[in-house]
Peer 1: 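Below you will find the structure I want to go over with you.
Numbers restart at 1 for each chain; the letters A, B, ... are given by sequence-line order, proteins then strands. Values in this document were obtained by computation on a predicted structure and should not be read as measured data.
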2 protein chains.
Amino acid sequence: MTRYPDLDSLAVLLLVARKGSIGQAAEELGLSQPSVSRRMVALENAMRVQLLHRTRQGTVLTPTGRVVVDWASTLLEAADDFRRSVGALQAQSAVSVRAAVSMTIAEHHAPVWVARLHRTSPDYVVSMEVHNSREVADLVSSGAVDVGFVESPTVPKGLRRRRIGWDVLVLAVPPGHPWADRGEVTAAELAAVPLLVREPGSGTRETVEGALRRRGLTMTVGMTMASNTALKSAAMAGIGPVVLSELALHAELGSGQLVRVEVSDLPLRRPLSAVLRATERTPPGVTALLSVVGVRPDRPPRGPSAPRPSA
Amino acid sequence: MTRYPDLDSLAVLLLVARKGSIGQAAEELGLSQPSVSRRMVALENAMRVQLLHRTRQGTVLTPTGRVVVDWASTLLEAADDFRRSVGALQAQSAVSVRAAVSMTIAEHHAPVWVARLHRTSPDYVVSMEVHNSREVADLVSSGAVDVGFVESPTVPKGLRRRRIGWDVLVLAVPPGHPWADRGEVTAAELAAVPLLVREPGSGTRETVEGALRRRGLTMTVGMTMASNTALKSAAMAGIGPVVLSELALHAELGSGQLVRVEVSDLPLRRPLSAVLRATERTPPGVTALLSVVGVRPDRPPRGPSAPRPSA
DNA sequence: ACCGCGTCATGCACACAGCGTATGACGCGA
DNA sequence: TCGCGTCATACGCTGTGTGCATGACGCGGT
C-alpha cells in the first residue's frame, strides 16, 4: 500500500522546529520526551532524510529540514482546511452561521471560504449542508438556514440575491482527441457528440442544456455520473468530452491530462450567487461570511471579481 | 492532541467510491474485506458524518460523501506532491534529473515543478539538493548536478542562464503597525528601521541589501532567523517589519494577518533563473523539467511569465 | 575542578489499534 | 430454494506508539 505521510508526525515536527527542543515540544503536546524523540527518528527514517540536528543545547533544523518543514506547513494548512470543512458538515449545535450550498460551490469554493472566515474571525462556526440549487433556495425560504450559495441564474420570489462571482464552464477532451488540436468547436458540433455529464438536476448539466437550448440545440447525453471526479476520469480514459467548472478541471488542464476546447458561439458561464431572505436583517455571522466570500456589506457598485482558488 | 485526518483512510475511501464496493476496494489494496469495512466505519465515526450508503448490491457515496471525496482528493494531491518532493531530496540512485535549487525556490516552486513533471512525464525521477545561490552555481559547474535554479541576478562564467520568471519581494507588517494604514513608505524609511531578515548569504537578504545599497542606503538588521516561517511568526508577533518573497507571504497577506506595504522608490524583485553548463548539450530529463518550469526548449522570444503558486 | 541542570537517546513493559480468518445476516436472481 | 455477492461482527494476534526509568553528554555556575 502506498503509504501517505503521517500528518500528526509532521505537526510534531513543526512544533519541534518552533520550540527548538524535543522536550519542550513534548511538554506542549502533553507527551513524554522519549515519545517525541522516537517519533522524529521514525519520521526521518520514513523519509530517508536528515531533518534535525541534535545538540546538547537543543534541536535545530538542518537546511533540508527547513525546506521539509515549509512544505509540511502548507500540507498541514490544506489538512486544516479539510478538517474545518468537514466539521461544517456535522450540522451540530452552537453554530453561528447556517449555510446551504450547491455541489460545485461545496466542492471548490466552500473550503476556501471556511478557511478564510476561520482566519479572519475564528469565533464563527459554520454549519453547511449540500443540496442542489432548488433545495438550497427552499432551505433559505423556510428559515432552516441563514444563507445559501447557488450557481443557478434565477432565485424564487421572496429571496434576494447577491452576485459573488462567475463560474466558468469548460469543455475538455483528452490530448489525443481530434478536438484537442483544433482548440475550438461550434455549439452545433458540441451538441452532436455524446457528452459526459452529471445527473439530471445538477446545475452544471442544466447550464449546458440551457445554453444549447437557447441556440435551438439539444445536448446528447453520453454517460451520466454523479461525481465530478468520476467524470474527469472517464474523460481522461477517452470515453468522451466533458463539460465541467473550470475550477474542477484546474489540475488536469494544468498538467495536460485534459485539453481545453473553446466553444466559439456558446457562453458557458453562470453567476455564483448568495441567496438571502428579502425581508430579514442579516445576522452578523452571515455578514462576516459574505465579506470573506467577496460580497461588500450592502449593494456595492463593484464589478464581479472571481475569488482565487487559494494556495 | 489535535488529530489530523488519516490520509491512508481517505485514500481507501476514494478507492471504495471508485470501485463501488468495499470488498473490491479491499482486493485491489491487498487487504481483507472486513479490514476496509472497519476502516470506513472508523472514518465516518471520526468525521461524525455519513459518507457511504451500504446496500446488498454494493456501496455508494452519499451526497455528503461525494463532497468529502472531492475535498479529500485535493488533499491527497497535496500529500502526493509533498511525498514526491521529499522523495527528490533523498539523493538516491537511478535518477534522471539531478537539480540543485536555492531555498526560496525549493520551498515554493519546486513542489509544483516536481508534481507537474510527474504528471506529464512520470518516468523521470528528480533528485534535488537545497543550497544557497553560490553553491548551486558551483554544483552545476562541477557537474555534480545537471541544472540549477537560483534567484540571484548573476551567474559565474562558464554557465548559461535562462530566465524563468520573477520573484517579487514584499514588505509586510502586522495590521496594528503604523505603516499598515499608510500603505507606502520610502526606501530611506525602510532602511531606518530594524528589519527581520534571513541569515547572511541568503538570496532574499542580499537582494534587499543590494537594492538599498544602490540607493546609497544600508539595511538595519533587527533579528536574524534561518527560516521564512519563523520570520513570518516574528513579524506577526510585532517584532518588526519583514521582507520576504510574495509567495512566502501569500497566505498571511490573504487572511489579513500581515499587511503589504509598498516601497515607493525601491524595485524589490529578482529574476528566477535556470543555470546550465554553457558547453554541454542538455540531457533529455533536464529539457523535460525546464519545459514544465516554463522555459521553451531553446532561446525563445517569450516574455517572463511567473508560474502560478499551484492549487 | 566539580556538580547540577538541561539536552537527547535507549531499554523495558504495556495498551491499543489494525489486521486476518472465520462466520453470520441479508438481498437478488436463477 | 439455493447459490452468489454484498457488508458486518467476533476473536485472536501482531506491531506500533506510549510512559517510566535510566543513561550519556555538554554547558555553566560555584
Side-chain angles (χ1 to χ4, degrees), chain A residues 1-62 64-66 68-69 72 76 226, chain B residues 1-62 64-66 68-69 72 226 230:
Chain A
M1 169 151 180
T2 25
R3 192 98 196 134
Y4 278 96
D6 173 24
L7 296 185
D8 289 315
S9 294
L10 292 181
V12 174
L13 172 66
L14 258 68
L15 190 61
V16 170
R18 205 164 64 233
K19 289 280 174 185
S21 156
I22 290 181
Q24 287 175 30
E27 191 177 4
E28 175 143 339
L29 288 167
L31 292 175
S32 70
Q33 172 267 320
S35 176
V36 173
S37 173
R38 275 189 297 254
R39 257 190 122 99
M40 293 300 98
V41 172
L43 195 62
E44 287 176 313
N45 288 340
M47 294 188 176
R48 308 184 161 282
V49 160
Q50 187 72 22
L51 298 172
L52 299 172
H53 185 232
R54 292 127 168 117
T55 71
R56 306 295 159 186
Q57 282 69 44
T59 299
V60 295
L61 290 170
T62 62
T64 303
R66 280 201 291 275
V68 170
V69 160
L76 288 175
Chain B
M1 169 153 182
T2 24
R3 192 98 197 133
Y4 278 96
D6 174 23
L7 297 185
D8 290 314
S9 294
L10 291 181
V12 174
L13 172 66
L14 258 68
L15 190 60
V16 169
R18 205 164 65 233
K19 289 280 173 184
S21 156
I22 291 181
Q24 287 176 31
E27 191 178 4
E28 175 142 339
L29 288 167
L31 293 175
S32 70
Q33 173 266 321
S35 175
V36 173
S37 174
R38 277 189 303 254
R39 260 190 119 101
M40 294 301 97
V41 172
L43 195 61
E44 287 176 314
N45 288 340
M47 293 190 178
R48 307 185 161 282
V49 160
Q50 187 71 22
L51 298 172
L52 299 172
H53 186 231
R54 292 130 167 114
T55 71
R56 306 293 159 187
Q57 281 69 45
T59 298
V60 295
L61 289 171
T62 62
T64 303
R66 281 202 290 274
V68 171
V69 160

Peer 1: Just the atom pairs and distances: protein N or O near nucleotides 5-14 of chain D's N or O, under 3.5 Å.
Peer 2:
| from | atom 1 | to | atom 2 | distance (Å) |
| --- | --- | --- | --- | --- |
| D/dT6 | OP1 | B/Gln24 | NE2 | 3.1 |
| D/dT6 | O4' | B/Arg56 | O | 3.1 |
| D/dC7 | OP1 | B/Ile22 | N | 2.6 |
| D/dC7 | OP1 | B/Thr59 | OG1 | 2.8 |
| D/dC7 | OP2 | B/Gly23 | N | 3.0 |
| D/dA8 | OP1 | B/Arg54 | NE | 2.4 |
| D/dA8 | OP2 | B/Ser37 | OG | 2.3 |
| D/dA8 | N7 | B/Gln33 | NE2 | 3.1 |
| D/dA8 | N6 | B/Gln33 | OE1 | 3.1 |
| D/dA10 | N6 | B/Arg38 | NH1 | 3.2 |

Peer 1: Within this structure, what is the CZ-to-P distance between A/Arg39 and D/dT16, rounded to whole angstrom?
Peer 2: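 Taking CZ of A/Arg39 and P of D/dT16, I get 14 Å after rounding.
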
Peer 1: How would you list, by chain and number, every residue that makes a side chain to side chain donor-acceptor pair (under 3.5 Å) with B/Glu27, sequence neighbours excluded?
Peer 2: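 Once residues adjacent in sequence are excluded, B/Glu27 has no partner under the side chain to side chain donor-acceptor pair (under 3.5 Å) criterion.
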
Peer 1: What is the separation between atom NE2 on A/His53 and atom P on C/dC8, rounded to the nearest whole Å?
Peer 2: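 So the NE2-P distance, A/His53 to C/dC8, works out to 12 Å.
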
Peer 1: Report the residues that fulfil side-chain contact (heavy atoms from CB on, under 4.5 Å) with A/Ser21, sequence neighbours left out, ordered by chain and then residue number.
Peer 2: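 Only A/Gln24 meet the side-chain contact (heavy atoms from CB on, under 4.5 Å) criterion with A/Ser21.
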
Peer 1: How close or far is atom P of C/dT21 from atom CG of B/Leu31, stated in whole angstroms?
Peer 2: 11 Å

Peer 1: D/dG17 C1' sits how many Å from A/Asp8 CG, rounded?
Peer 2: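 Value for this atom pair: 12 Å.
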
Peer 1: For A/Val60, which residues count as a side-chain contact (heavy atoms from CB on, under 4.5 Å) partner, sequence neighbours excluded?
Peer 2: A/His53

Peer 1: Run the side chain to side chain donor-acceptor pair (under 3.5 Å) test against B/Arg54 and tell me which residues pass, sequence neighbours left out.
Peer 2: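 For B/Arg54 the side chain to side chain donor-acceptor pair (under 3.5 Å) partners, ignoring immediate neighbours, are B/Glu44.
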
Peer 1: To the nearest Å, how far apart are A/Leu29 CG and D/dG17 C1'?
Peer 2: 14 Å

Peer 1: Can you tell me the distance, in whole Å, between the CZ atom of B/Arg3 and the C1' atom of D/dG17?
Peer 2: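 Result: 10 Å.
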
Peer 1: Starting at atom CG of A/Asn45, determine the distance to atom P of D/dG17, rounded to an integer number of angstrom.
Peer 2: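 Going from A/Asn45 (CG) to D/dG17 (P), I get 11 Å.
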
Peer 1: Using atom CE of A/Met40 as one end and atom C1' of D/dT18 as the other, report the distance to the nearest whole Å.
Peer 2: 14 Å

Peer 1: What is the nucleic acid contact for B/Ser32, judged by heavy atoms within less than 4.0 Å: base, sugar-phosphate only, or nothing?
Peer 2: base

Peer 1: With sequence neighbours excluded, what pairs up with B/Gln57 under the side-chain contact (heavy atoms from CB on, under 4.5 Å) test?
Peer 2: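 With sequence neighbours excluded, B/Gln57 shows a side-chain contact (heavy atoms from CB on, under 4.5 Å) to B/Thr55, given in chain and number order.
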
Peer 1: Quick check: does any side chain N or O of B/Thr62 sit under 3.5 Å from a backbone N or O of B/Gln50, one acting as donor and the other as acceptor?
Peer 2: yes

